[in-house]
Amino acid sequence: MGTSGLVYPGAEIPQVAARFGAAVIQVNPEETPLDAVADVNLRGPAARILPGLVEAVWGAADAA
């Protein structure tokens with residue numbers, strides 16, 4: 001999240017993580033060079049995608 005997947009050394013973090021067995025999930029509005037590395041590619045801006053993920057995992061924020 002927060003990268004185009006083009007600027008190194010940061011762009012290499014998902015590749016290193018995948019080599020060590022981590023699940024890589026990319027949230028990006030467009031295709032990037034990291035698509036092939038990611039286990040899951042979620043298309044859309046993080047501001048729209050992430051709230052839905054948080055709610056799916058931990059429930060609605062106002063449920064507390």
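These numbers come from the heavy atoms of this one structure, side chains and all, not from hydrogens, waters or symmetry mates.
- What you find for A23 and D39 is that their closest heavy atoms are CA-OD2, 3.1 Å.
- Smallest separation of non-hydrogen atoms from R43 and I49: O-CD1, 3.7 Å.
- Side-chain atoms of L53 and I25, non-hydrogen and from C-beta on, never get closer than 4.5 Å to each other.
- The CG atom of N41 sits 13.0 Å away from the CD atom of E30 when rounded to the nearest 0.5 Å.
- Here the closest heavy-atom approach between residue L34 and residue P14 is recorded as CD1-CG, 3.8 Å.
- When all heavy atoms of A46 and P51 are compared, the pair lying nearest together is O-CD, 3.7 Å.
- Annotation: Q15, atom CD; neighbour count of heavy atoms from other residues, nucleotides and ligands within 6.0 Å is above 12.
- Using a 4.5 Å cut-off between side-chain heavy atoms of Ile, Leu, Val, Met, Phe, Trp and Tyr, with links allowed through other members, V24 and V40 fall into different hydrophobic clusters.
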